[in-house]
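These notes concern the structure reproduced below.
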Protein chains: 2
Amino acid sequence: MKKYNIPVEAALEVIGGKWKVVILCHLIKDRRRTGELKRLMPGITQKMLTQQLRELEDDGVILREVYNQVPPRVEYSLTDYGWSLKGILDSLCAWGEQHIEKTYPNKEDVLVQTEELV
Amino acid sequence: MKKYNIPVEAALEVIGGKWKVVILCHLIKDRRRTGELKRLMPGITQKMLTQQLRELEDDGVILREVYNQVPPRVEYSLTDYGWSLKGILDSLCAWGEQHIEKTYPNKEDVLVQTEELV
DNA sequence: TAATGTAGGCACTTTTAAGTAACAATTACG
DNA sequence: CGTAATTGTTACTTAAAAGTGCCTACATTA
């Protein structure tokens with residue numbers, strides 16, 4: 001069984017890694033289907049997306065809903081437990097914004113325009 | 001120059017990875033010297049510790065102070081900018097605690113007793 | 001004189017994370 | 001009948017993160 005030295009490590013195991021926080025930040029705004037998430041995250045590969053979504057699902061923070069259609073339609077959303085991360089995610093997003101502003105004079109240089117993709 | 005799709009990625013670049021949040025959680029309680037941090041984080045190697053501390057220093061969230069002594073004495077502490085992460089770190093720690101409680105019936109099984117090390 | 005304690009560097013190896021590419025399933029549509 | 005659309009799997013490869021072992025410096029202390 002996994003051992004932690006301090007409790008925060010347990011949180012990192014759930015939302016750690018390169019993609020999970022980003023995925024959750026999108027799902028906090030809206031439920032999304034797979035293809036939408038892929039478009040919102042131009043860098044991610046199909047494999048990584050599926051893998052991260054599975055792990056988040058296993059940890060109980062997101063819900064995967066399959067609609068019986070062809071072509072298939074799968075939607076992801078936060079569970080109640082996932083919503084308990086809202087405070088953290090909001091703070092992280094806000095901190096990231098002001099960090100960019102602090103670090104780069106004009107954030108247009110570092111921020112890819114994604115709004116259009118939403 | 002690094003490009004982000006959403007601002008939160010900038011935050012992850014500063015506090016992402018396996019160790020940085022843990023380091024910051026310790027420094028938020030107290031300033032620490034290198035050896036203390038190493039004892040508080042039994043899993044970390046000297047190399048990783050130094051490396052992560054350097055990066056945190058470069059990002060302006062921690063301060064490295066060298067005392068001119070032999071054997072050397074180096075102390076790390078949060079900068080003002082580092083303190084702006086307090087909300088996030090506190091929330092993460094709290095979430096980790098309740099996640100352990102939710103996930104494991106008795107947390108003694110997963111939490112290594114570190115209190116004695118402090 | 002030789003060992004101790006502290007912080008850290010460096011070269012190298014291993015492990016883990018992430019990326020690539022090809023393929024499956026299914027039905028509507030032209 | 002062949003193709004597009006959507007989600008996902010699998011085997012393989014590459015890149016990044018982390019770990020290992022050995023080395024330095026130097027005043028103090030035994």
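To find a chain, count down the sequence lines: A is the first, B the second, and so on, and within it residues start at 1.
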Short side-chain N/O contact to [N] OP1/OP2 from [X], under 4.0 Å:
{"X": "Arg33(A)", "N": "dT7(D)", "result": "yes"}
{"X": "Tyr76(A)", "N": "dT7(D)", "result": "no"}
{"X": "Thr50(A)", "N": "dT7(D)", "result": "no"}
{"X": "Arg64(A)", "N": "dT7(D)", "result": "no"}

May I have the distance from [X] (atom [atom1]) to [N] (atom [atom2]), rounded to whole angstrom?
{"X": "Glu55(A)", "N": "dG8(D)", "atom1": "CD", "atom2": "P", "value": "15 Å"}
{"X": "Leu53(A)", "N": "dT6(D)", "atom1": "CG", "atom2": "C1'", "value": "14 Å"}
{"X": "Arg54(A)", "N": "dG8(D)", "atom1": "CZ", "atom2": "C1'", "value": "7 Å"}
{"X": "Leu37(A)", "N": "dG8(D)", "atom1": "CG", "atom2": "P", "value": "10 Å"}
{"X": "Gln51(A)", "N": "dA11(D)", "atom1": "CD", "atom2": "P", "value": "14 Å"}
{"X": "Met48(A)", "N": "dA15(D)", "atom1": "CE", "atom2": "C1'", "value": "13 Å"}
{"X": "Asn68(A)", "N": "dT7(D)", "atom1": "CG", "atom2": "P", "value": "14 Å"}

#### Entry: side chain to side chain donor-acceptor pair (under 3.5 Å) partners of residues 7-21 of chain A, not counting sequence neighbours, each pair once
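As it turns out, the side chain to side chain donor-acceptor pair (under 3.5 Å) pairs with a partner in residues 7-21 of chain A, which skip direct neighbours, are Tyr4(A)-Glu13(A), Lys20(A)-Glu55(A).
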### Query
Can you check side-chain contact (heavy atoms from CB on, under 4.5 Å) on Leu56(A) and Arg54(A), steps first, answer last?
CA-CA 5 Å; Leu56(A) 289 170; Arg54(A) 287 290 173 286; over 6 Å; no
### Query
Reading DNA chain C 5' to 3', which nucleotide is the first, and which the last, to come under 4.0 Å of any heavy atom in chain A?
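Both ends considered, the range comes out as dA18(C) to dT27(C).
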### Message
Count I, L, V, M, F, W, Y as connected when their side-chain heavy atoms are under 4.5 Å apart, and connections chain through other members. Are Val66(B) and Leu37(B) then in the same cluster?
### Response
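Yes, Val66(B) connects to Leu37(B) through the hydrophobic network.
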Return the [atom1] to [atom2] distance between [X] and [Y], rounded to the nearest 0.5 Å.
{"X": "Met41(A)", "Y": "Glu36(A)", "atom1": "CE", "atom2": "CD", "answer": "11.0 Å"}
{"X": "Ile23(B)", "Y": "Ile62(B)", "atom1": "CD1", "atom2": "CD1", "answer": "7.0 Å"}
{"X": "Glu97(B)", "Y": "Lys102(B)", "atom1": "CD", "atom2": "NZ", "answer": "16.0 Å"}

### Message
If you take any heavy atom closer than 4.0 Å to DNA chain C, which residues from residues 9-24 of chain A end up in contact?
### Response
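Result for residues 9-24 of chain A: Lys18(A), Trp19(A), sorted by number.
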### Query
Which comes earlier along DNA chain D counting from the 5' end, the contact point of Ile44(B) or that of Gln46(A), where each point is its nearest nucleotide?
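Between the two, 5'-proximity favours Gln46(A).
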### Message
Are Val61(B) and Val14(B) packed together at the side-chain level, in the sense that at least one heavy-atom pair is separated by less than 4.5 angstrom?
### Response
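Val61(B) vs Val14(B): side chains touch.
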### Message
Please encode protein proximity along nucleotides 21-30 of chain D as a string of B, S and -, counting only heavy-atom distances under 4.0 Å.
### Response
-----BB---
### Task
Indicate yes or no for a side-chain donor-acceptor contact from Thr79(B) to the backbone of Leu63(B) under 3.5 Å, with no hydrogens or angles considered.
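No: the side chain of Thr79(B) does not pair with the backbone of Leu63(B).
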#### Entry: Residues that Tyr104(A) engages under ring pair (Phe, Tyr, Trp, His ring centres under 6.0 Å), provided they are two or more places apart
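So Tyr104(A) forms no ring pair (Phe, Tyr, Trp, His ring centres under 6.0 Å) with any residue.
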#### Entry: Partner residues of Trp95(A) under the ring pair (Phe, Tyr, Trp, His ring centres under 6.0 Å) criterion, sequence neighbours left out
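Testing Trp95(A) for ring pair (Phe, Tyr, Trp, His ring centres under 6.0 Å), a comparison that skips the adjacent residues, returns His99(A), Tyr81(B).
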### Message
For Glu65(B), is there an ion pair with Arg73(B) - N to carboxylate O distance below 4.0 angstrom?
### Response
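Between Glu65(B) and Arg73(B) there is no salt bridge, as every charged N stays at least 4.0 Å from the carboxylate O atoms.
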### Message
Between Glu75(B) and Arg33(B), does any NZ, NE, NH1 or NH2 come within less than 4.0 Å of an OD or OE carboxylate oxygen?
### Response
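Looking at Arg33(B) and Glu75(B), the cut-off is not met.
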